[in-house]
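Here the structure is laid out as structure tokens; the discussion comes afterwards.
Here the structure is a predicted model, which is why all the values come from computation and not from measurement. Here is how names work: the chains are called A, B, and so on, in the same order as the sequence lines, proteins then strands, and each is numbered from 1.
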Number of protein chains: 2
Amino acid sequence: MLKLSKKADYALMALQYMATVQYGEMNAFNIHRVVNTKEIAEEHLIPLELLAKVLQTLAKHEMIESQNGPKGGYVLAREPGAISIAQVLEAIEGPLGIADCYHEKDDHAACDQMEHCNIRTPLLKVQESIVQLLSSMSIEDMMAEPPLIIVESRKPEGVQL
Amino acid sequence: MLKLSKKADYALMALQYMATVQYGEMNAFNIHRVVNTKEIAEEHLIPLELLAKVLQTLAKHEMIESQNGPKGGYVLAREPGAISIAQVLEAIEGPLGIADCYHEKDDHAACDQMEHCNIRTPLLKVQESIVQLLSSMSIEDMMAEPPLIIVESRKPEGVQL
DNA sequence: TTAAGTACGATCATATAAGTCGGAGTTAGG
DNA sequence: CCTAACTCCGACTTATATGATCGTACTTAA
């Protein structure tokens with residue numbers, strides 16, 4: 001339940017790796033070394049072909065920039081702090097929502113039970129919280145593993161329903 | 001992404017319905033009327049057989065109590081406020097986690113990349129937040145649709161990583 | 001010119017989810 | 001004590017999403 005797909009995992013791993021290579025302690029001068037798919041795949045034991053597609057998707061969504069030809073590869077398109085987890089997940093898996101009918105836009109979404117659905121509103125709030133949480137975290141927060149990230153999530157006491 | 005399964009949806013709908021019938025405004029005297037599967041299925045346009053299995057699962061996890069024979073059906077096993085969303089989801093879909101290897105118990109879980117995984121720790125924190133959020137909400141919070149539930153979820157400023 | 005890389009679409013395999021079916025066990029009411 | 005209305009349970013089928021692979025075309029540094 002609530003599991004991330006492998007693709008999403010791979011995307012996050014790759015971005016974390018690229019961020020560390022480009023912006024980590026090992027690189028005090030911020031030399032934006034281009035890293036290629038093979039390097040990442042071998043480093044993390046990820047199927048090469050699959051990772052390639054993931055990176056292509058990330059490139060299409062302008063989170064990384066591709067560089068063709070030999071010595072080519074990918075570079076982060078912006079600073080790690082400017083790439084949120086939510087953005088990554090949306091790029092890979094489409095709009096994130098707890099259920100299909102929970103995207104503000106598609107109010108007509110594929111849900112026959114719509115009119116008989118008694119849980120939509122409360123779940124929308126849950127979803128909102130999760131999205132907010134994922135939006136508040138960036139690739140930067142995943143650098144320098146093992147990290148210590150403190151995240152709070154709570155329902156305030158005494159809220160009127 | 002992060003989508004709930006239909007079964008989970010059905011479970012929540014059913015519980016919300018049962019809660020409303022048993023504890024809602026319509027029932028100031030808390031008469032614990034037994035509701036049967038058919039009634040819930042028709043009310044929410046849910047496939048009868050599937051809902052039946054969902055309810056059986058909930059009963060096995062002691063969130064509802066079954067009553068056999070004609071005029072039989074189900075009753076909430078405890079007050080709506082004592083049934084958290086997290087409990088329901090876990091009952092239906094097993095332990096909730098953002099990835100397979102993120103359950104404290106199975107440290108040996110099926111993840112070949114374990115040793116090369118650079119995102120485990122941060123994602124564990126994310127997961128923790130989500131679980132906490134889902135644990136803080138109960139069926140009671142879903143009653144009286146359309147409700148207004150205010151949930152906050154944030155990463156405090158100035159946290160050191 | 002060529003080898004090392006990305007780009008992209010088609011395809012296959014597999015896992016999970018969704019839904020169905022048939023039969024067995026209970027029990028209120030006649 | 002019989003029957004109809006329920007729950008219970010497991011096996012089965014189907015649909016859909018995911019994971020992974022393949023082939024090929026495009027780009028470019030050396």
Side-chain angles (χ1 to χ4, degrees), chain A residues 1-11 13-14 18 33-42 44-75 77 89 92-97 99-100 110-113, chain B residues 1-11 13-14 18 33-42 44-75 77 89 92-97 99-100 110-113:
Chain A
M1 188 65 247
L2 290 181
K3 239 178 355 190
L4 259 54
S5 70
K6 291 260 168 80
K7 281 192 202 171
D9 275 338
Y10 297 159
M13 287 186 207
M18 293 172 68
R33 172 162 87 77
V34 172
V35 309
N36 67 26
T37 309
K38 200 174 174 187
E39 178 183 343
I40 302 176
E42 287 175 353
H44 298 87
L45 300 181
I46 301 173
L48 178 64
E49 307 292 341
L50 188 51
L51 177 62
K53 294 189 67 167
V54 169
L55 294 180
Q56 285 161 27
T57 304
L58 291 179
K60 199 178 303 175
H61 284 80
E62 298 178 326
M63 329 199 75
I64 60 181
E65 279 166 8
S66 74
Q67 207 160 309
N68 255 330
K71 291 290 169 190
Y74 294 94
V75 182
L89 297 186
I92 299 295
E93 317 218 14
L96 34 85
D100 297 318
C111 181
D112 304 333
Q113 287 112 350
Chain B
M1 187 69 248
L2 292 181
K3 239 177 358 188
L4 259 53
S5 69
K6 292 261 169 82
K7 281 191 203 173
D9 275 338
Y10 296 160
M13 286 186 210
M18 292 171 68
R33 173 163 85 78
V34 173
V35 310
N36 68 25
T37 309
K38 200 173 175 187
E39 176 181 344
I40 302 175
E42 286 176 352
H44 298 87
L45 300 182
I46 302 175
L48 178 64
E49 306 292 340
L50 189 50
L51 177 62
K53 295 189 67 167
V54 169
L55 293 181
Q56 284 160 28
T57 304
L58 291 179
K60 200 179 304 174
H61 284 80
E62 297 177 330
M63 329 200 75
I64 60 181
E65 280 166 8
S66 73
Q67 208 161 306
N68 256 331
K71 291 289 168 191
Y74 294 95
V75 182
L89 297 186
I92 300 295
E93 316 217 13
L96 34 86
D100 298 318
C111 180
D112 304 333
Q113 288 114 349

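- Residue A/Leu45 contributes atom CG, which lies 16 Å from atom C1' of D/dG19 at whole-angstrom precision.
- Annotation: of the two residues near DNA chain D, B/Gly72 and A/Ser5, the 5′-most nearest-nucleotide partner is B/Gly72.
- Here the P atom of nucleotide D/dT21 and the CG atom of A/Leu51 are 12 Å apart, to the nearest Å.
- Per the geometry, NZ belonging to A/Lys38 stands 6 Å off P belonging to C/dG5, to the nearest Å.
- The shortest non-hydrogen separation linking A/Lys7 to A/Leu50 is CE-CD1, 4.2 Å.
- Distance CG (A/Asn36) to C1' (C/dA3): 14 Å, rounded to an integer number of Å.
- Every side-chain hydrogen bond (donor to acceptor under 3.5 Å, both in side chains) that B/Glu93 has, sequence neighbours left out, goes to B/Ser5.
- Atom CD in A/Gln56 sits about 16 Å away from atom P in D/dA20, given to the nearest Å.
- Between A/Ile92 atom CD1 and D/dA17 atom C1' the separation is 15 Å, expressed in whole Å.
- Between A/Glu39 and A/Tyr74, every side-chain heavy-atom pair lies at or beyond the 4.5 Å cut-off.
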Reading 5' to 3' through nucleotides 24-29 of chain D, protein heavy-atom contacts under 4.0 Å coded B for base, S for sugar-phosphate only, - for none
---BBB
Using atom types as modelled, flag every donor-acceptor pair under 3.5 Å from a side chain in residues 60-71 of chain B to any protein atom, sequence neighbours excluded.
unit_1, atom_1, unit_2, atom_2, d
B/His61, ND1, B/Thr57, O, 3.0

Polar atom pairs between nucleotides 19-24 of chain C and protein, under 3.5 Å, N or O only, would you list them?
unit_1, atom_1, unit_2, atom_2, d
C/dG19, OP2, B/Tyr10, OH, 3.3

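- Take B/Lys3 and apply the side-chain hydrogen bond (donor to acceptor under 3.5 Å, both in side chains) test, not counting sequence neighbours, and it matches A/Asp100.
- Residues A/Asp9 and A/Ile46 form no side-chain contact, since every pair of their non-hydrogen atoms from C-beta on lies 4.5 Å or further apart.
- Of the candidates C/dA17, D/dC9, D/dT7, the closest approach to any side-chain atom of B/Ser66 belongs to D/dT7.
- Among residues two or more places apart in sequence or in another chain, the side-chain contact (heavy atoms from CB on, under 4.5 Å) test is passed with A/Ala11 by A/Val54, A/Leu58, A/Val88, A/Ile92.
- Atom NZ in A/Lys3 sits about 12 Å away from atom P in C/dA15, given to the nearest Å.
- Shown here are the salt bridge (Lys or Arg N to Asp or Glu O under 4.0 Å) partners of B/Glu42, two or more places apart in sequence or in another chain: there are none.
- Between B/Thr37 and the phosphate of D/dT7, there is a side-chain N or O to OP1/OP2 separation shorter than 4.0 Å.
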Evaluate the criterion side chain to side chain contact (heavy atoms under 4.5 Å, CB included) for residue pair A/Val35 and A/Val75; output intermediate values, then yes/no.
CA-CA 7 Å; A/Val35 309; A/Val75 182; over 6 Å; no
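- Straight-line distance from the NE2 atom of B/His61 to the P atom of D/dC9: 13 Å, rounded to whole Å.
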